[in-house]
Amino acid sequence: MSAATKLHKTSWCALRQLQQYRTKTNFSASIAKRNDLFNQEQRRQRDAVGRIDKIEVRYLGLPEDVTLVMNSNISTPFNCAQHLSEGHCKRSALALIDGSVPWDMHRPLQESCTLQLLNFHVSEPHVVNKAFWRTCSFMLGAALNRAFKPEANLQLHSFPGPNIKSGSFVHDIVLQTQTWQPSKEEMRAISAEMVKLAAQDLRIERLDVQQDLAQEMFKDSKYKSEQLPSIAQQTQGRVTLYRMGDHIDISRGPMVGSTGFLGKCTISAALKVAEEGPASAFYRIQGVALPAGFQLNHVAFGILEERSKKPSPARLPNEPFEEQQQQLQLS
């Protein structure tokens, strides 16, 4: 190898490392700014509450019905659970307001209401199961961000509404390659990131913001920026965001209260669904999971894993976004 060739190779490697460093640095800066804006708006909304009004929350459930006096726009279902027992705090994944409205555990209550605390053993688990499935998709977005190297140029697109009958939760992404065929090791690595998130037991926070703030938060995300005007048009200019750790995404919710509710989990399929420009492609990542504490033998869970590999019937990410209004906001 000539000296010129060696120099060229060294320069190319240095340039490549610099590009990767810049990509990673830019991504980290974008995440930090998004979280900073989230924190600022969260504080602004708390400060705007002003005079604190009392509300009556009629808890319906075990060990007995009880009326709690709480603070309007400050107290959450989780705060109510704290007045009941530690067991209620640990088991309650979702709340039900006035017998029909699903409500996030950490979302402030606005007025007097009845309150039921839902876990995964209630007689009618459909509502809490949908919230769990949606949360799995949300967590999958965070896991993918953690698992891929900067040079993959991963961009999160969206996750369709939960359909438990489909057998899989889903997150759609764009990668700067049209030929990715993931190995078993790569799929296990993504699954491992999901398990790590569950082990961290991260609180899942909800925040409703104006469209202009959401646009500022996601201005470095091509697909989120494109989707936001259509979302805001359907929701009177408001956009609902969720956060766990430093990961923030758009979703109408509700979601379960913490990543700790995720138990056994497998990311089972990564399917190329469409090309995106000359060098990128849409991929649909699919998985299956059980809530924490649920036990299923290896054979039975293996059947669920095989089923979750089948292509999800949910609308594809490259189809016109305007037609996805029934699935907005993104989930």
Side-chain angles (χ1 to χ4, degrees), residues 27 29-49 73 76 94 97 101-104 106-111 130-131 133-135 137-142 144-145 154-163 169-174 204-256 274 276 282 284 314-331:
F27 177 76
S30 177
I31 295 298
K33 182 176 180 181
R34 192 173 299 163
N35 276 271
D36 187 47
L37 291 171
F38 189 102
N39 290 334
Q40 290 179 30
E41 177 62 14
Q42 195 175 58
R43 286 194 296 268
R44 188 198 68 78
Q45 291 187 20
R46 286 172 180 168
D47 293 342
V49 171
N73 294 307
T76 67
L94 189 70
I97 304 300
V101 182
W103 200 266
D104 298 89
H106 302 292
R107 181 183 180 186
L109 298 165
Q110 299 168 349
E111 56 190 17
K130 284 189 69 174
W133 221 238
R134 181 182 291 112
T135 305
S137 290
F138 176 54
M139 292 175 63
L140 179 53
L144 291 166
N145 269 336
L154 167 72
Q155 298 183 69
L156 299 181
H157 186 275
S158 59
F159 46 101
N163 180 358
F169 58 85
V170 172
H171 206 303
D172 295 324
I173 63 173
V174 175
I204 297 176
E205 306 170 276
R206 173 187 172 119
L207 187 68
D208 295 323
V209 304
Q210 293 292 339
Q211 179 189 349
D212 57 352
L213 178 58
Q215 293 282 177
E216 177 65 20
M217 293 174 73
F218 290 97
K219 68 179 183 180
D220 295 329
S221 175
K222 172 187 174 184
Y223 299 101
K224 306 293 181 187
S225 296
E226 291 175 350
Q227 294 158 5
L228 281 168
S230 190
I231 292 171
Q233 185 179 11
Q234 298 294 314
T235 53
Q236 293 76 51
R238 303 286 286 179
V239 178
T240 301
L241 307 178
Y242 279 84
R243 178 170 72 173
M244 60 174 179
D246 63 0
H247 179 68
I248 300 172
D249 208 342
I250 307 163
S251 173
R252 65 182 178 184
M255 297 193 193
V256 300
E276 171 71 348
F282 285 105
R284 172 158 286 178
R315 189 179 299 275
L316 297 176
N318 62 318
E319 294 178 328
F321 187 72
E322 288 73 15
E323 298 179 10
Q324 300 186 32
Q325 301 305 332
Q326 295 301 316
Q327 297 183 26
L328 295 180
Q329 298 178 31
L330 299 192
S331 64

Which residues share a side-chain hydrogen bond (donor to acceptor under 3.5 Å, both in side chains) with T76, sequence neighbours left out: N79
Those residues that, when tested against W133, pass ring-ring contact (aromatic ring centres under 6.0 Å, His included) (two or more places apart): F169
Sequence neighbours excluded, every pair satisfying ring pair (Phe, Tyr, Trp, His ring centres under 6.0 Å) that has a member inside residues 229-251: F138-H247
Exercise: identify the closest heavy-atom pair between K219 and S225: CA-OG, 3.6 Å
Partners passing side-chain hydrogen bond (donor to acceptor under 3.5 Å, both in side chains) against Q42 (at least two apart in sequence or in another chain): E205
Residue pairs fulfilling salt bridge (Lys or Arg N to Asp or Glu O under 4.0 Å) with at least one residue in residues 30-40, sequence neighbours excluded: K33-E216
Set of side-chain hydrogen bond (donor to acceptor under 3.5 Å, both in side chains) partners for N39, sequence neighbours left out: R243
Qualifying residues under salt bridge (Lys or Arg N to Asp or Glu O under 4.0 Å), relative to R46, sequence neighbours excluded: none
With sequence neighbours excluded, residues passing side-chain contact (heavy atoms from CB on, under 4.5 Å) with P102: L94, L96, V127, P254
Pairing residues for Y223 by the ring-ring contact (aromatic ring centres under 6.0 Å, His included) criterion, not counting sequence neighbours: H157, F282
Partners meeting side-chain contact (heavy atoms from CB on, under 4.5 Å) with Q45 (sequence neighbours left out): E41, L207, R238
Spatial distance of atom CG (D249) from atom CG (L156) [nearest 0.5 Å]: 6.5 Å
